[in-house]
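To start, the structure itself, in structure tokens.
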Amino acid sequence: MRALVVGESGGIGAAVAAELRARGAEVVGLSRGRDGFDVTRPDVAEAQIAALEGVFNLIFVATGALVSTRVRPEKALREVSAEELAGQFAVNAIGPALVLRHAPRLLARSGRGVFAALSARVGSIGDNRAGGWYSYRASKAALNQIVHTGAIELARTHKRAVCVALHPGTVETSFTAGFAGREKLTAQESAAKLLDVLDGLEPEQTGGFYDYSGARVVW
Ligand SMILES: NC(=O)c1ccc[n+]([C@@H]2O[C@H](COP(=O)([O-])OP(=O)(O)OC[C@H]3O[C@@H](n4cnc5c(N)ncnc54)[C@H](OP(=O)(O)O)[C@@H]3O)[C@@H](O)[C@H]2O)c1
């Protein structure tokens, strides 16, 4: 089992990489902090992905950001700005897309090949009752569409591929440090659950959006 973890420096990314290693996988990690893999510099990111050799049984994209130019996500329409929308799309939607575009080459064709990207339940339009968080929500909804569309294409050449968006739960990382009082999973708990979910998914379930318990999240 060979896995690529993009965003290995993150709270969930590090835990996913550690859990994979504990389960006996060979893990190749890529991250902004350690390798300069910055998705807001698409030419740099693209070159690093293009330089990867060999095939992977799992590509796990764990990058993402809650805000780009702001301190907190927007609460009201008057706070919406082109800069924040563009920043969030660059990291949360375009970033994983830059990795996914290499999945046809990087994912194993014989046997099972899994591509998973960390989305967020708040990217669900059907589940949105609270409003706010315009840029983050919209960028994750865009990511979901990209993953779903990629799954359709991948299925044509990789018959047993699974390509999905995942909601990791509310997880104790630097990402949620500003949200006190919420019940949070540890990154280790979330990582183990997400990997169990991926292990249990069948090719017929490709293109879906699943949470850490394996339940489908409404689009
Ligand atoms: N934590 C939660 O409760 C929660 C809930 C729902 C969804 N999620 C999603 O889960 C994912 C990971 O979250 P986390 O909690 O692990 O957050 P985190 O600890 O803040 O990790 C974020 C990761 O994204 C990377 N990153 C940020 N901007 C980047 C850029 N421009 N280019 C490349 N990499 C970039 C970071 O790299 P460096 O550290 O190297 O800069 C880090 O590896 C995110 O997509 C988030 O939306 C998290």
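As the structure lists them, so they are numbered: ligands from 1, and atoms in each ligand from 1. Only a predicted model underlies this, so the values are computations on that prediction, with no experimental measurement involved.
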Please could you name the atoms of ligand 1 that [X] approaches to less than 4.0 Å, counting only its heavy atoms?
{"X": "Gly169", "value": "2 (C), 3 (O), 4 (C), 5 (C), 6 (C)"}
{"X": "Gly11", "value": "16 (O), 18 (P), 19 (O), 21 (O)"}
{"X": "Thr40", "value": "31 (N)"}
{"X": "Tyr136", "value": "7 (C), 8 (N), 46 (C), 47 (O)"}
{"X": "Leu118", "value": "10 (O), 11 (C), 12 (C), 45 (O)"}
{"X": "Thr170", "value": "3 (O)"}

Should one rank [options] by closest heavy-atom distance to [atom], which comes out on top?
{"atom": "atom 32 (N) of ligand 1", "options": "Val5, Asp35, Val39", "value": "Val39"}
{"atom": "atom 6 (C) of ligand 1", "options": "Pro168, Ala177, Gly87, Ser190", "value": "Pro168"}
{"atom": "atom 7 (C) of ligand 1", "options": "Gly64, Ser119, Ser31", "value": "Ser119"}
{"atom": "atom 37 (O) of ligand 1", "options": "Ala15, Gly123, Ala90, Ser9", "value": "Ser9"}

Identify the closest protein heavy atom to atom 34 (N) of ligand 1: which residue and atom is it, and at what distance? Thr63 CG2, 3.5 Å
No-hydrogen, no-angle side-chain donor-acceptor test under 3.5 Å, Glu8 and Ser31: no
Using heavy atoms and a threshold below 4.0 Å, how should the contact between [X] and ligand 1 be classified: side chain, backbone, both, or neither?
{"X": "Ala62", "answer": "backbone"}
{"X": "Lys140", "answer": "side chain"}
{"X": "Thr173", "answer": "side chain"}

Answer with yes or no whether Arg34 contacts ligand 1, where contact means a heavy atom under 4.0 Å from a ligand atom. no
Should the pair Trp219 and His148 be assigned to parallel (<30°), tilted (30 to 60°) or perpendicular (>60°) ring geometry? perpendicular
